[in-house]
Amino acid sequence: MDKYLVINAGSSSLKFSLYEMPTEKLLINGYFEKIGFEDSFWTVKINGDKIRKEGYLVNHGDAVSIMIDELISNKIINSLNEICGVGHRVLHGGEIYSESVEITDKVLNDIVDLTKFGPLHHPGEIAGIKAMMDKLPNVKQVAVIDTAFHQTIPRDNYMYAVPYEWYLKYKVRKYGFHGTSHKYLTEYMKRELNKDNVNLIICHVGSGASISCIKDGKCYNTTMGLTPLDGLVMGTRSGSIDPSILKYVMDETGKDIDEIMDDLNKKSGLLGICGKNDFRDMLTMKLDGDENGILAYNMFRDSIIKYIGEYYFQLDGLVDAIVFSAGVLENNILLREDLVNKLSKVMGISIDRDSNNNIGFGCELDTGVITSKDSRIPVWVVPTNEEIMILRDTVKIINNK
Ligand code: ADP
């Protein structure tokens with residue numbers, strides 16, 4: 001059987017999963033953390049057993065060497081020749097990449113150039129790619145790019161109303177993120193609805209969150225922008241705010257732009273409002289009657305409603321389905337019911353309580369429709385699966401050559 005690796009590298013972390021094809025069976029996965037720090041450690045999972053080890057991982061190359069040792073010592077592979085390809089998650093493809101692509105020297109150079117758009121993500125991803133290329137020089141590597149799916153967004157929707165030369169000279173525009181997830185969910189819904197030219201509103205709401213508008217089966221708009229900071233209120237990110245706030249707070253506090261950006265990316269969102277970035281912790285505060293917990297919940301919920309409303313109008317109300325996905329919406333029954341209730345009058349939908357209460361963590365099901373049969377638009381809960389999308393794109397690209 002053919003085996004493929006999926007790699008998701010961060011600045012100080014590297015996640016890997018090895019799959020068997022065509023069954024898409026997960027054989028082993030693991031997570032290296034604190035790479036570059038003396039207290040680095042990693043966990044490896046095989047057949048449900050989780051093993052934790054510690055040791056100083058100087059760089060991503062050390063993590064890849066240990067990963068290979070684990071694959072061989074656990075007899076998942078006998079030799080590296082069994083690995084047919086590697087798929088890497090890459091954040092930003094700029095305007096260059098509208099699809100996943102085999103990593104050549106040119107592609108790698110482009111990814112390095114695009115670090116200016118993804119300074120928090122690209123260095124780690126590049127380190128992961130280089131380490132894999134170094135250890136597996138004969139194995140093809142594929143970049144599966146988070147912005148790629150959104151490249152079908154028309155100009156009317158991707159331009160910002162700023163001096164036009166910002167776009168011409170510096171490529172300032174909306175790119176969108178979570179594309180691998182939005183693509184997975186779009187393909188899933190096309191199969192479920194047995195329709196290719198679907199109109200969907202897809203809500204990926206985890207600690208990072210974005211909503212996409214899918215028109216005629218393609219991405220038509222999305223909430224994240226030049227970077228993943230834009231759009232919805234998130235766990236630690238502000239989402240869209242008045243840009244003048246930046247200068248005002250710099251002047252008032254004496255902070256520089258990097259500190260302000262750090263505040264907007266890491267100290268805002270739910271965390272900024274109520275001191276908790278995890279949705280569950282915020283919800284506990286709200287249910288206990290804490291004022292800031294209630295405020296954070298309401299702001300989070302209403303920012304989702306705002307963009308569903310925008311995309312409902314962009315689709316002329318012709319929506320085949322609304323999709324709820326990622327950590328928060330796959331699991332939280334209360335928020336899902338609240339959202340459906342808020343949308344009910346305008347959209348002619350109502351909640352099916354039995355169905356909603358039966359989907360999510362600790363429930364019988366993980367997928368299904370949570371609106372009543374007579375609702376004009378069905379609301380689906382569908383678990384996202386970015387890893388499988390990376391795997392499928394990697395297999396497709398390597399075998400089409
Ligand atoms: P990311 O991939 O952006 O890190 P996830 O999609 O994993 O995010 O979602 C993480 C969020 O999902 C957290 O805010 C967490 O509180 C929330 N979450 C996870 N499980 C549950 C649950 N059972 N109920 C409610 N929220 C949950």
Side-chain angles (χ1 to χ4, degrees), residues 6-15 17 29 31 33 89-91 118 120-121 124-125 144 146-147 176-185 188 202-212 222-224 227-239 265-288 290 292-293 296-301 303-304 323-340 356-368 370 381-390:
V6 170
I7 301 289
N8 187 347
S11 56
S12 64
S13 68
L14 186 140
K15 281 186 209 158
S17 307
N29 62 347
Y31 189 19
E33 293 180 68
R89 181 179 194 174
V90 172
L91 180 84
L120 303 177
H121 294 79
E125 292 167 359
V144 178
D146 231 25
T147 53
F177 298 85
H178 290 145
T180 311
S181 171
H182 289 290
K183 181 177 173 184
Y184 172 85
L185 295 163
Y188 183 93
I202 298 182
C203 309
H204 173 117
V205 179
S207 56
S210 65
I211 300 185
S212 281
T222 195
T223 57
M224 285 177 168
T227 73
L229 183 56
D230 202 4
L232 296 160
V233 173
M234 303 178 224
T236 63
R237 294 182 209 141
S238 61
N265 274 296
K266 299 186 183 151
K267 296 177 189 153
S268 299
L270 299 181
L271 182 67
I273 297 295
C274 76
K276 302 283 182 194
N277 65 294
D278 190 290
F279 182 86
R280 288 162 292 195
D281 297 337
M282 176 272 286
L283 196 58
T284 306
M285 290 176 71
K286 168 195 151 61
L287 296 175
D288 286 346
D290 180 277
N292 284 53
Y297 177 87
N298 290 347
M299 289 174 74
F300 190 79
R301 178 198 58 202
S303 81
I304 298 172
V323 180
F324 286 170
S325 190
V328 173
L329 287 180
E330 284 170 25
N331 294 302
N332 195 260
I333 292 165
L334 182 98
L335 177 64
R336 291 195 307 235
E337 179 167 342
D338 213 0
L339 289 170
V340 170
N356 187 39
N357 293 348
N358 205 18
I359 298 174
F361 183 75
C363 301
E364 205 179 315
L365 301 175
D366 63 4
T367 310
I370 58 165
V381 178
V382 182
T384 192
N385 198 335
E386 288 159 288
E387 293 243 317
I388 286 290
M389 200 67 245
I390 297 175

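On a predicted model such as this, the values are computed, not experimentally measured, just so you know. For ligands, and for the atoms within them, numbers begin at 1 and follow the listed sequence.
The nearest protein atom to atom 23 (N) of ligand 1, hydrogens excluded, is given as Asn331 CB, 3.4 Å; this is a heavy-atom distance. Counting protein heavy atoms only, atom 17 (C) of ligand 1 is closest to Val328 CG2, 3.7 Å. Remark: minimum distance from atom 27 (C) of ligand 1 to any protein heavy atom is reached at Gly327 O, 3.6 Å. Nearest to atom 8 (O) of ligand 1 among the protein's heavy atoms is Ser207 N, 3.1 Å. Among all non-hydrogen protein atoms, the one lying nearest atom 26 (N) of ligand 1 is Arg280 CG, 3.6 Å.
In Phe279, the parts holding a heavy atom less than 4.0 Å from any atom of ligand 1 are both the side chain and the backbone.
Among Asp278, Ile333, Leu270, the residue whose heavy atom lies closest to atom 16 (O) of ligand 1 is Asp278.
Residue Gly208 has at least one N or O atom closer than 3.5 Å to an N or O atom of ligand 1. For a threshold of 3.5 Å applied to N or O pairs, the pair formed by His204 and ligand 1 contains no separation below that value.
The side chain to side chain donor-acceptor pair (under 3.5 Å) test applied to Tyr184 returns no partner, not counting sequence neighbours. Partners of Phe324 according to the ring pair (Phe, Tyr, Trp, His ring centres under 6.0 Å) rule, which considers only residues two or more places apart in sequence or in another chain, do not exist here.
Side-chain N/O atoms of Ser181 and Glu386 include no donor and acceptor closer than 3.5 Å. A donor atom on one side chain and an acceptor atom on the other are not found under 3.5 Å apart for Asn385 and Tyr188.
Below 30°, between 30° and 60°, or above 60°: for His182 and His204 the angle between ring planes is between 30° and 60°, a tilted geometry.
Of the possible polar contacts, none joining the Thr223 side chain to the Asp230 backbone as a donor-acceptor pair under 3.5 Å is found.
Within 4.0 Å of atom 2 (O) of ligand 1, not a single protein heavy atom is present.
A salt bridge does not link Arg89 with Glu125: none of the charged nitrogens is closer than 4.0 Å to a carboxylate oxygen. Salt-bridge check for Arg280 with Asp278: passed, with a basic side-chain N closer than 4.0 Å to an acidic carboxylate O.
Counting the atoms of ligand 1 from 1 in the order shown, those under 4.0 Å from a heavy atom of Ala326 are 6 (O).
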